[in-house]
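Lettering follows sequence order; numbering is per chain, from 1.
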Amino acid sequence: MAEKVVTRFAPSPTGYLHVGGARTALFNWLLARRTGGTFVLRIEDTDQKRNTPTAARQVMDDLRWLGIEWDEGPQVGGPNGPYLQSERREIYDKYVKQLLDEKKAYYCFDTPEELEAQRRQAEADKGGFLYARPAEFPTDRDAEQARAQGKPVTVRFAVPQGELLVVQDVVRGEITFAPGEIGDFIIQKSDGFPTYNFACVVDDYSMKITHVIRGQEHLNNTPGQQALWRALGFGELPKYAHMSVTVSDSGGKLSKRERPKTLRNAIGTLQDVDLDKLADIGKLTCDELDSFVKGETTPDMPSIDAMAQYLGVPLPEINIVDFFKSGYLPETMVNFLALLGWNPGDNREIMLVGELIEAFDLARLTKSNSLFDRKKLIAFNTEHIKMTSPEKLLRHLKHYLKVVDSPVVAADDERLSELIRICEGARTLADIDRKSRFLFLDSDAIEYEDKAVKKVLLKNDGLAVLAVVRDKLAAMNEFTEEQIENMLRSLAEKKQLGLGKVAQPLRVAICGTTVSPPIFDSVRMLGKEETLARIDNTLEKFGRDGKAE
RNA sequence: GCCCCCAUCGUCUAGUGGCCGAGGAUAUCAGGUUCUCAUCCUGGAGACAGGGGUUCGACUCCCCUUGGGGGUACCA
């Protein structure tokens, strides 16, 4: 009985994979895996103007990073390819012709301007715009003539009018659209490419898709698509499930415009920004930067990222790669995304992909939209870092360090594993990176944070304590963390100080900030020689102008 | 404007007429542990949008209002 489930993810390659798309892909993939079905990846590149050549590639990389592998699609092939719509033109043409021959579709020769005027008129008449279907359909000859005259030639589907269009939706139940609600829509553009609403129907049929899981923004397209499906004689409809949409926690829609917007606002608020330098960092001319700040234009992503990094402005993550670069684990993303608009029905939240697959059920999709809460995401990531095996974490960390170009890449596996161990409790891979960098910098490359110096070195005899610590360290012949700990603790006790008063000056001396892995591990890993050198540097550098004795 | 969808703690959600004096997570607050950051532990506060019905009984069903989202393209 039950036919094999076939689901698909059909992104248009206009940019990086963003969280919304990732979630759609995930749900489709989860259902396929749950049921032992097939997951198809199809690239919807029918818009000549908007496709970026590298985008499809990027989307696939991001899917793979998440662990979402497709059974049919680009790069892997399959029986129903090609999987790029731009390579399926003959297929669409065939069906357009069929519809034309059966008088279920017709040619149109309107210019965009004419259409625009009709639309405005309809608005003025306070009605929805419905294309006025001609009593007599133009013939192939008319179309040729129009083309010869340089008129645009499109093909419209004659949507069956006068009947209620009913959509059965898996998550929303029955949805009805009144007759006349859906106007005749274009199925073939004047450049010969199919429109989304057409290509999607043809492909879902020929790729034998059984379940269409997509965002609710497609709900209103569905009656038209289903009418088309019937007109084409495609037989039984796939099941449709329209998921709730995810909105951003930084207000409004989760859109790629958020990042430039955040940066723009930051530039506006920040005092004394060196605009020339900034333009240089972003590889922009001053005029281009100016126009960006004024909100007139938006530079490309690498430019935005570079400027944000330079200014130290955190941008909200929106693309999957952004989350990767912020140090999130793919396990976290999959887990978190799965729980946006779905839940297993019990109180489980932290789940591995295997558990998600096992528990997944379309019947448990949520109807209402949800906010993407980055705070909760961090909590999830902390949890996943904690539960991931050291080996796996090491793999993730290495990949991460390489991509973000951290000096920590210099470490070998053993050392990285050690770092992972002593950074227990880290919330992101970025935390581990940040805390570890001091080990991989030259001692003269250490930047001493102003605040840290003032607070721990120049106050409470910080430098004096540091000098004592220095001598004690120098006198040690065994440089294990146990020895270091014993020494520091007994010193603190002897001086009637809290351990912090002893540890903090040392910490600032070796890494320039008040934050590092546990001090005993940090010192041991740095090594005796380098530790002493950095302390000496510090003493020298701040000893004079400080008020240390 | 018109059409479609949605509505439980700040947020993600459990809840399918009595088990709910509404459960979990996260955020937040108060304590505690700790050499920093983080982790960790204990406790607190916090929600059924409003109004009508239906019913012996509504968070759960129906209607209206309000609020949010989406669509209204030769974008997908």
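Residue-level contact check: A:Asp110 touches the bases, meaning some heavy atom is under 4.0 Å from a base atom. In this structure, A:Asp373 reaches the bases: a heavy-atom distance under 4.0 Å links it to at least one base atom across the strands shown.
Across all strands shown, B:U11 pairs with B:A25; the Watson-Crick or G-U wobble distances both stay below 3.5 Å. Partner assigned to B:A47 is none, using Watson-Crick or G-U wobble distances below 3.5 angstrom.
Atom CZ of A:Phe520 and atom P of B:C37 are 14 Å apart (whole Å). Rounded to an integer number of Å, the gap from A:Asp45 CG to B:C75 P is 13 Å. The interatomic distance linking A:Asp433 (CG) with B:A38 (C1') rounds to 16 Å, in whole Å. The distance from atom OH of A:Tyr196 to atom P of B:G71 is 12 Å, rounded to the nearest whole Å. One atom, CG of A:Asn343, and another, C1' of B:U16, lie 14 Å apart when rounded to the nearest Å. Atom CG of A:Asp346 and atom P of B:G23 are 17 Å apart (whole Å). One atom, CD1 of A:Ile385, and another, P of B:C40, lie 12 Å apart when rounded to the nearest Å. Atom CG of A:Leu499 is separated from atom P of B:U34 by 11 Å (rounded to the nearest Å).
The base of B:C35 is paired with the side chain of A:Arg507 by a donor and an acceptor separated by under 3.5 Å.
Comparing B:U33 with B:A49, their P atoms are spaced 42 Å from each other, to the whole Å. Spacing of P atoms, B:U11 relative to B:U16, comes out at 23 Å, to the nearest Å. The separation of B:C61 from B:G18, taken at their C1' atoms, amounts to 15 Å, rounded to a whole angstrom. Between B:U28 and B:C37, the two P atoms lie 16 Å apart (nearest whole Å). Taking atom C1' on both B:G21 and B:A76, the two are 50 Å apart, rounded to the nearest angstrom. As rounded to the nearest Å, B:G24 and B:A47 have C1' atoms that lie 14 Å from one another. Spacing of C1' atoms, B:C62 relative to B:G69, comes out at 24 Å, to the nearest Å. For the C1' atoms, the distance linking B:U60 with B:C3 amounts to 28 Å, nearest Å.
Summarising the geometry of A:Arg172 relative to A:Ser244, their closest heavy-atom pair is NH2-N, 3.5 Å, with the distance given to 0.1 Å. Across every non-hydrogen atom of A:Val159 and A:Asp184, the tightest pair is N-OD1, 2.9 Å.
Ranked by how close their nearest RNA chain B nucleotide is to the 5' end, A:Ile519 and A:Pro11 are led by A:Ile519. Closest-nucleotide positions on RNA chain B for A:Ile175 and A:Trp342 were compared, and the one nearer the 5' end corresponds to A:Ile175.
Between A:His384 and A:Phe380, the ring-plane angle classifies as tilted under the 30° and 60° cut-offs.
Note: A:Phe336 and A:Phe372 meet the aromatic proximity criterion, with ring centroids under 6.0 Å apart. The aromatic ring centroids of A:Phe360 and A:Phe27 lie less than 6.0 Å from each other.
With sequence neighbours excluded, no residue forms a salt bridge (Lys or Arg N to Asp or Glu O under 4.0 Å) with A:Asp373.
Candidate nucleotides B:C74, B:G70, B:U36 were compared by shortest atom distance to the side chain of A:Leu115, and B:C74 ranks first.
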